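Worksheet: the structure to be examined is printed underneath.
The basis for the numbers below is simple: all heavy atoms, side chains too, and nothing from hydrogens, waters or symmetry mates. Residue numbers start from 1 in every chain, and the chains themselves are labelled A, B, ... in the order their sequence lines are given, proteins ahead of strands. Keep in mind it's a predicted model, so treat the numbers as computed, not measured.
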Amino acid sequence: MQILQQTVEPYFKEAMGTLGVQSSDYEKLLGLATVADHGDLAIACHSLSRILKKSPVDIGDELSSILKPLLDGIVEVNSLNGFVNLKATDGWIEKHCGIICNDARLGVNKSSISRTVAIDYSSPNVAKEMHVGHLRSTVIGDSLTRILEHLGHKVIRENHIGDWGTPFGMLIEHLLDLGEGDAGNELSVGDLDGFYKTARTKFDDDSAFADRSRSRVVLLQSGDKETLRLWQVLVDESTRYFNEVYQLLGVLLVDDDLMGESAYHHLLPNVVEHLDNKGLLKNSDGADVVFPGGHLNRDGEPLPLIVRKGDGGYNYATTDLACIIDRVQRLGANDLLYVVGTPQARHFEMVFAVAHQAGLLDDSNRAIHVNFGSVLGSDGKVLKSRSGSAVKLVDLLKEAVTRADEVIGEKNPNLVGKERQEIANAIGIGAVKYADLSTDRTRDYMFDWSKMLSFEGDTAPYLQYAHARIRSIFDKVESDSWHSSSLSIENDSERRLARSIIGFADAIQSAYVDLMPNRICIHLHQLSAAFGSFYENCPVLVAEKNEVRDSRLKLCDATARILSTGLGLLGIHAPDRM
RNA sequence: GGGCGUGUAGCAUAGCCUGGAUAAUGCACCGGCCUCCUAAGCCGGGGACCGCGGGUUCGAAUCCUGCCGCGCCCGCCA
């Protein structure tokens with residue numbers, strides 16, 4: 001209802017002028033109504049009481065009578081308890097909802113300024129299983145990518161996989177021990193954890209193996225050809241596996257988006273050199289560090305960002321700085337988004353601070369840690385991959401699809417074959433994604449199988465179901481004549497639905513501004529609920545008059561398109577049947 | 001110890017940035033609705049000292065502050 005507020009704003013100002021109130025005294029008084037029954041917009045008059053030396057109720061009455069003629073035909077004006085309530089007229093709703101119904105973009109305009117956004121998400125580790133933390137990053141990042149692109153921004157996906165570092169010594173040695181063929185087998189069936197854990201165990205228990213692993217790291221870093229080839233085998237097998245998961249999940253990530261840690265390896269000395277040239281580099285306990293300020297360690301001393309370890313090796317802070325250089329200078333990114341868990345908040349604060357100090361970022365750039373909460377088990381404790389949580393991402397997704405398929409068998413046995421498979425996929429995967437996207441991403445997230453895979457309530461299947469019901473109506477419509485008809489709003493169910501249709505653009509805007517996909521979920525659920533009520537109360541095909549039928553068809557069409565568009569922005573499919 | 005975050009009905013959440021009128025939604029619970037466009041649905045009902053105490057304000061779930069609980073982070077892992 002931003003659009004209504006914009007419409008009303010000038011008249012409101014005029015009325016305030018008539019009352020003799022300064023603009024600084026009424027700036028925020030006009031806002032969205034908090035009590036839906038009272039209207040769409042409200043003006044709280046209480047703070048004017050002191051200025052005008054009248055009671056809020058009297059001011060409300062007076063303001064109301066000034067606004068009434070000004071806003072005739074736009075809103076109904078009433079005053080109550082010192083509030084002036086503005087409720088959109090049916091005429092206004094018919095007009096604006098009608099515009100949206102006729103708009104391919106459903107009222108969602110592209111941003112006037114297109115930004116180039118590099119978004120870093122998913123980032124699984126080579127030769128390690130993807131776990132629920134990767135699920136969050138992948139699903140949230142995918143949704144944000146879609147939202148940004150929908151608004152006309154240029155998005156560069158960056159899958160910063162963990163493909164470099166000391167563990168690769170032991171992984172390569174383990175690969176050699178198994179023989180490339182067998183190892184490839186193990187990896188290709190997706191037993192990444194088994195591979196990694198065995199290597200780890202050997203490293204810990206077998207000193208000869210540990211020695212070989214360390215030498216292998218040296219060979220890897222010095223660019224030994226054969227070692228690099230073996231390393232590439234590990235990377236290829238892993239990425240093939242990641243791609244399977246991505247395909248099952250239905251996210252946009254492809255091989256071209258891969259930009260692993262190894263890709264920045266050669267830039268790391270330059271990063272340190274650059275920091276040194278800027279005079280930021282300090283030596284502390286043998287390591288090269290930068291003190292960004294604002295952070296203290298346990299002893300109350302300034303906390304450094306280590307860019308080069310005492311042993312001469314580089315670490316993730318160095319790589320992240322190299323990424324910033326690459327993304328800003330080579331890719332021309334205005335905005336840098338990092339869809340990474342909250343525990344790394346301090347790390348990113350320090351990296352961004354150093355990047356600014358070093359001139360790698362300036363005021364035109366926005367570097368944002370798009371943080372998300374930890375994944376908790378049913379016991380409320382953090383689920384960690386190290387503790388060997390048995391939840392494999394692939395297994396979870398497959399179970400979701402299986403369960404969806406079972407429900408289809410119960411609810412709609414007519415669906416068979418390939419179509420049923422695709423629908424089961426859309427429902428199962430959609431349920432998992434929606435469970436992840438529909439809550440505030442910054443809060444911890446309870447990993448609950450039964451909730452995630454239940455298809456009742458505020459879930460993707462509820463929205464998909466609303467969509468499918470509408471599509472089934474259109475299956476029975478023979479003529480397109482409704483397309484050119486106009487809306488006529490006659491009852492509360494229609495009003496509520498039309499208002500919700502108008503609100504779609506606001507929801508997208510809100511999701512974009514705060515990078516919060518759940519704002520879209522909230523709106524889609526509210527829209528679906530409005531539709532559910534409409535569906536029960538307002539016969540469409542058997543409406544008493546043709547004008548009414550056509551008007552309702554328009555509402556249905558817009559609702560369905562908002563659902564499929566909105567779900568699409570969440571990376572969720574909306575099947576025509578289910 | 002310091003920093004950051006969080007605490008809303010039995011459970012899970014929205015609202016908090018940008019303060020307003022009976023705190024919203026889902027699950028669970030209770031009661032209704034399928035000769036009628038998909039009942040994965042709809043309608044109605046009960047259930048909350050918005051962690052606790054101060055403060056600012058005409059007005060606080062929302063802003064400030066103190067305390068309590070919980071979580072994460074606090075130098076060579078990422």
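Annotation: G66(B) and A9(B) have their P atoms spaced 25 Å apart (nearest Å). Between G59(B) and G20(B), the two C1' atoms lie 6 Å apart (nearest whole Å). Here, G26(B) and C43(B) have their P atoms 9 Å apart, quoted to the whole Å. On the P atoms, U62(B) is 8 Å away from G51(B), given to the nearest whole Å. For the P atoms, the distance from G31(B) to C50(B) is 30 Å, rounded to whole Å. Using atom P as the reference point in both C16(B) and A21(B), the two lie 13 Å apart (nearest Å). G10(B) and C73(B) have their C1' atoms separated by 33 Å, with the value rounded to a whole Å. Nucleotides A60(B) and G54(B), compared at atom P, are 13 Å apart to the nearest Å.
Between C37(B) and Ser472(A), no contact under 4.0 Å exists linking OP1 or OP2 to a side-chain N or O. Look at Thr342(A) and you won't find any side-chain N or O under 4.0 angstrom from OP1 or OP2 of G5(B). When the side-chain nitrogen and oxygen atoms of Lys476(A) are compared with OP1 and OP2 of U38(B), one or more of them lie within a distance under 4.0 Å.
Summarising the geometry, the separation between CG on Leu305(A) and P on C77(B) is reported as 14 Å, rounded to the nearest angstrom. When the P atom of A78(B) is taken as reference, atom NZ of Lys128(A) falls 11 Å away, rounded to whole Å. Residue His369(A) contributes atom NE2, which lies 12 Å from atom C1' of C4(B) at whole-angstrom precision. When rounded to the nearest whole Å, the span between CD1 of Ile473(A) and C1' of C37(B) equals 5 Å. Following rounding to the nearest Å, Leu86(A) (CG) and G20(B) (P) show an atom-to-atom distance of 17 Å. At whole-Å resolution of the value, CG in Leu303(A) and P in G75(B) are 6 Å apart.
Residue contacts shown for Ser47(A) include a base, since a base heavy atom lies under 4.0 Å away. Counting any heavy atom pair closer than 4.0 Å across all strands shown, Leu80(A) reaches a base atom. Among the protein residues, Arg577(A) comes within range of the nucleic acid bases, having at least one heavy atom under 4.0 Å from a base atom. Contacts of Pro539(A) with the nucleic acid, taken as non-hydrogen atoms under 4.0 Å apart, include base atoms. Across all strands shown, Ala42(A) has heavy atoms under 4.0 Å from base atoms, whether or not it also approaches the sugar-phosphate. Heavy atoms of Cys521(A) sit nowhere under 4.0 angstrom from any nucleic acid atom. As judged by a 4.0 angstrom heavy-atom cut-off over every strand, Asn85(A) is placed among the base-contacting residues. Using a 4.0 Å heavy-atom cutoff across all strands shown, Gln344(A) reaches at least one base atom of the nucleic acid. Counting non-hydrogen atoms under 4.0 angstrom, Asp576(A) reaches a base of the nucleic acid. Nucleic acid contact for Ala345(A): none, since no nucleic acid atom lies under 4.0 Å from a heavy atom of the residue. Within 4.0 Å (heavy atoms only), Asn315(A) reaches sugar-phosphate atoms of the nucleic acid but no base atom.
Note: His131(A) and His134(A) have tilted aromatic rings, judged against thresholds of 30 and 60 degrees for the angle between ring planes.
Every residue meeting the side chain to side chain contact (heavy atoms under 4.5 Å, CB included) condition with Lys411(A), not counting sequence neighbours, appears here in chain and number order: Val407(A). The ring-ring contact (aromatic ring centres under 6.0 Å, His included) check on Tyr535(A) picks up Phe531(A), with sequence neighbours excluded. Listed by chain and residue number, Thr442(A) satisfy the side-chain hydrogen bond (donor to acceptor under 3.5 Å, both in side chains) test with Asp440(A) (two or more places apart in sequence, or in another chain). Looking at residues two or more places apart in sequence or on another chain, you find no side-chain hydrogen bond (donor to acceptor under 3.5 Å, both in side chains) involving Asp550(A). Checked against side-chain hydrogen bond (donor to acceptor under 3.5 Å, both in side chains), Asp326(A) has the following partners two or more places apart in sequence or in another chain: Arg330(A).
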RNA chain B base-pair string [pairs: Watson-Crick or G-U under 3.5 Å; |: paired with another strand]: (((((((..((((......[...)))).(((((.......))))).....(((((..]....))))))))))))....
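Applying the ring-ring contact (aromatic ring centres under 6.0 Å, His included) rule to pairs touching residues 25-64 of chain A yields Phe12(A)-Tyr26(A), His46(A)-Phe83(A), sequence neighbours excluded. Screening residues 527-546 of chain A for salt bridge (Lys or Arg N to Asp or Glu O under 4.0 Å) gives Arg469(A)-Glu536(A) as the qualifying pairs, with residues at least two apart or on separate chains. Listed by first and then second residue, the side chain to side chain donor-acceptor pair (under 3.5 Å) pairs involving residues 471-480 of chain A are Ser479(A)-Ser481(A) (not counting sequence neighbours). Residues in residues 302-321 of chain A take part in these side chain to side chain donor-acceptor pair (under 3.5 Å) pairs, two or more places apart or across chains: Asn315(A)-Thr318(A), Asp320(A)-His347(A).
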Show your reasoning for whether ring pair (Phe, Tyr, Trp, His ring centres under 6.0 Å) applies to His369(A) and Phe352(A). CA-CA 9 Å; His369(A) 176 201; Phe352(A) 296 159; 7.6 Å; no
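The side chain of His525(A) approaches U25(B) more closely than any other nucleotide in the set U25(B), G20(B), G75(B). Taking every side-chain heavy atom of Lys28(A) into account, U18(B) is the closest of U18(B), C74(B), G20(B).
Ionic pairing of Arg495(A) and Glu490(A) is not present here: no N-O contact between side-chain nitrogen and carboxylate oxygen is shorter than 4.0 angstrom.
Annotation: cation-pi pair Arg496(A)/Phe534(A) absent, no NZ/CZ under 6.0 Å from the ring centroid and within 45° of its normal.
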Under a 4.0 Å heavy-atom criterion, the protein footprint on nucleotides 6-15 of chain B, written with B, S and -, is SS----SSSS
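For C68(B), the O4'-C1' to base torsion is more than 90° from 0; the nucleotide is therefore anti.
Take the nearest nucleotide of RNA chain B for Val84(A) and for Leu296(A): the residue whose nucleotide is more 5' is Val84(A). Between Glu349(A) and Glu261(A), the one whose closest nucleotide on RNA chain B sits nearer the 5' end is Glu349(A).
Looking at Ile140(A), Thr138(A), Val132(A), Val139(A) one by one, the single match for side-chain contact (heavy atoms from CB on, under 4.5 Å) with Arg136(A) turns out to be Ile140(A). The side-chain contact (heavy atoms from CB on, under 4.5 Å) test with Leu86(A) singles out one residue from Asn78(A), Val75(A), Leu4(A), and that residue is Val75(A).
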List every contact pair, protein side and nucleotides 40-42 of chain B side both N or O, where the distance is under 3.5 Å.
| residue | atom | partner | partner atom | Å |
| --- | --- | --- | --- | --- |
| A40(B) | OP1 | Tyr465(A) | OH | 3.1 |
| A40(B) | OP2 | Lys411(A) | NZ | 3.1 |
| G41(B) | O2' | Arg469(A) | NH1 | 2.9 |
| G41(B) | O2' | Arg469(A) | NH2 | 3.2 |
| C42(B) | OP1 | Tyr462(A) | OH | 2.7 |
| C42(B) | O4' | Glu536(A) | OE2 | 3.4 |

